[in-house]
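The chains referred to below are lettered A, B, ... by the order of the sequence lines, with proteins before strands, and numbering in each begins at 1.
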Amino acid sequence: MIDKRIKTVAASVADIPNGATIMVGGFGEAGSPTELIHALIDQGAKDLTVINNNTGNGEVGLAALIGAGQVRKMICSYPRSSHSKVFPELYRAGKIELEIVPQGTLAERIRAGGAGIPAFYTATTVGTPLAKGKEARLIKGRDYVLEYGLTADYALIKCEKADAKGNLIYNKTARNFNPIMCTAATVTIVQTREIVEVGALDPEHIVTPNIYVDRVVEVAQPVIESQLIAKGVQYP
Amino acid sequence: MSMKGWSREQMAEQVALDIPDGSYVNLGIGIPELVTKFVPEGREFIYHTENGLLGMGPAPTPGQEDPELINAGKKAVTAEPGASYFHHGDSFTMIRGGHIDVCVLGTMQISQHGDLANWSTGAPDAIPAVGGAMDLVAGVKTIFVISQHTTKTGISKLVSTCSYPLTGKAVVSRIYTDLAIIDIKAEGFRLRELAPGISFDEVCAKTDAPLLPPLLLPPIANEKRE
């Protein structure tokens, strides 16, 4: 009997080792698995490479993980936001590495990684400083650069509903990077607002099929990062 | 009438007039967002936002914001009837696969060859942050730029060659400023229309590259275009 449910967020991230590469879902706070990230801060794994579109907000969630000194390198498209201060300070102090990737290239690198495609050509970045050092090729009269697929040891994911087998559905634009990251990680850990009976999710509506999911933990009332930031909360 | 030049809203209105009915449109952050206010009577545009929504509607009424329903600028939005949600891979398939018809972006510099520089000043202490801009200019069929003609200190944003790092090379079709609408042609900047009260000489003086006169008779300002 397949049952991927884990009782606590702490148990779900307990085995993540130092030096792991971790994909973290979310676009800003929407779809951010904040409770899983906080459990990872408590767990203490360091020297991590983290893949996310941004670098977190305020001093909670991903920003707090970075602030705790656990992240060696960020791979992202946009490391700034109106409330991000932790990453810029560490970056300017030379204490964290940054690989900047255009958002669509980041998404496609993750999708390719999950699909077993090692590399692909794209027109994005051609003629810009971000094309430097990339293999270039002319295809049917247009210039392209080679980009490599991305995979990770772990993915931390947030969804709306899951079943014990690991089928997932999401909520509105909180879907964002989460489904593709599920496919590209060796171990995919999911926090869900609700665990429903196997069979309760309509197979026509399942967004992430359970083959991509390893662990599911229920977080019935996830925090809203912007509300924590408004209250001046710092984690831990 | 002492009207001189176009306001931000009027610039957005000029852009909206040039977008055909039924277009799939992606709007950048800032002045481009104003385009939604000026959709001409009888036309429908479907708005795409990079973070996974096709059929984006306006901001919700205060108190109705949903932190899980936002746009690429991370502001609360709504979903129109017929909207759909999808993941980032699909969202950029729409962009990179050439399925989005029009993208309207702001800029820091634009060259006479249509090179766009809108993501970084290249300052040594700047933290690079590109987001989806490079994907949009590489993948969307038509790129319109909407911007003040000069910076706050009066320096032309329209230049012979961009000094800032590029977002894309030869990607822009047309630029809408407070002074004029200018096409980017093989031969360079070519005036399409002057804003009210603005002379060709004035636009030339404020443009840091050659500006060519219109090929056709200048259209009457604010005439409804199809």
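With a 4.5 Å cut-off on non-hydrogen atoms, A:Asn178 does not touch chain B at all. Interface remark: A:Tyr170 contributes no atoms to any contact with chain B (heavy atom separation under 4.5 Å). Within the 4.5 angstrom heavy-atom criterion, no atom of B:Ile95 approaches chain A. Contacts between A:Glu160 and chain B at a heavy-atom distance below 4.5 Å involve the side chain alone, from C-beta outward. Neither the backbone nor the side chain of A:Val207 comes within contact range of chain B; no heavy atom of the residue lies under 4.5 Å from a heavy atom of that chain. Neither the backbone nor the side chain of A:Ile110 comes within contact range of chain B, judged by heavy atoms closer than 4.5 Å.
Other residues, nucleotides and ligands contribute only 12 or fewer heavy atoms inside 6.0 Å of the NZ atom of B:Lys169. Residue A:Tyr212 qualifies as open at atom OH: its count of foreign heavy atoms under 6.0 Å is 12 or below. Heavy-atom neighbours of B:Tyr24 OH from other residues, nucleotides or ligands within 6.0 Å: at or below the threshold of 12. Counting non-hydrogen atoms of neighbouring residues, nucleotides and ligands closer than 6.0 angstrom, the CZ atom of A:Arg92 exceeds 12 such neighbours. Annotation: A:Ile211, atom CD1; neighbour count of heavy atoms from other residues, nucleotides and ligands within 6.0 Å does not exceed 12. Heavy atoms of other residues, nucleotides or ligands lying less than 6.0 angstrom from CD of A:Gln221 number 12 at most. Atom NZ of A:Lys161 has 12 or fewer neighbouring heavy atoms from other residues, nucleotides or ligands inside a 6.0 Å radius.
Close approach to chain A, defined as a heavy atom under 4.5 Å from one of its heavy atoms, is seen in B:Glu50, B:Asn51, B:Gly52, B:Leu53 of residues 49-61 of chain B, taken by number. For residues 134-164 of chain B, a heavy-atom distance under 4.5 Å to chain A picks out B:Met134, B:Asp135, B:Ala138, given by residue number.
Tested against A:Thr173, the residues B:Leu69, B:Asp66, B:Val77, B:Asn71 include a single side-chain contact (heavy atoms from CB on, under 4.5 Å) partner, B:Leu69.
No other option in B:Gly122, B:Ala72, B:Ser120 has as many heavy-atom pairs under 4.5 Å with chain A as B:Ala72. Interface remark: of the candidates B:Leu166, B:Asp115, B:Val171, B:Thr167, B:Leu166 forms the most heavy-atom pairs closer than 4.5 Å to chain A. Of the listed residues A:Gly104, A:Gly127, A:Ser77, A:Ala107, the one with more heavy-atom pairs under 4.5 angstrom with chain B than any other is A:Gly104. In terms of non-hydrogen atom pairs under 4.5 Å with chain B, the most contact-rich of A:Thr122, A:Asn53, A:Val126, A:Asp143 is A:Thr122.
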Determine, step by step, whether B:Trp119 and A:Leu130 satisfy the side chain to side chain contact (heavy atoms under 4.5 Å, CB included) criterion, reporting the C-alpha distance in whole Å, the side-chain angles of both residues, the deciding distance to 0.1 Å, and the verdict. CA-CA 12 Å; B:Trp119 69 288; A:Leu130 294 189; 4.1 Å; yes
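Taking CD1 of B:Ile70 as the start and NZ of A:Lys172 as the end, the distance is 12.0 Å to the nearest 0.5 Å.
When all heavy atoms of A:Pro102 and B:Val130 are compared, the pair lying nearest together is CA-CG1, 3.7 Å. Residue A:Ala30 comes nearest to B:Glu68 through the heavy atom pair CB-CA, 4.3 Å, listed as atom of the first residue, atom of the second, then distance. The minimum heavy-atom distance linking B:Ile127 with A:Pro79 is given by the pair CG2-CG, 3.6 Å. The shortest heavy-atom contact between B:Pro128 and A:Leu98 is CG-CD2, 3.9 Å.
Considering only heavy atoms from C-beta on, B:Thr93 stays 4.5 Å or farther from A:Arg111 through its side chain. Side chains of A:Gln103 and B:Phe92 form a contact here, defined as non-hydrogen atoms less than 4.5 Å apart.
A donor-acceptor contact closer than 3.5 angstrom links the side chains of A:Thr105 and B:Arg96.
Using bins of under 30°, 30° to 60° and over 60° for the plane-to-plane angle, the ring pair A:Phe27/B:His88 lands in the tilted bin.
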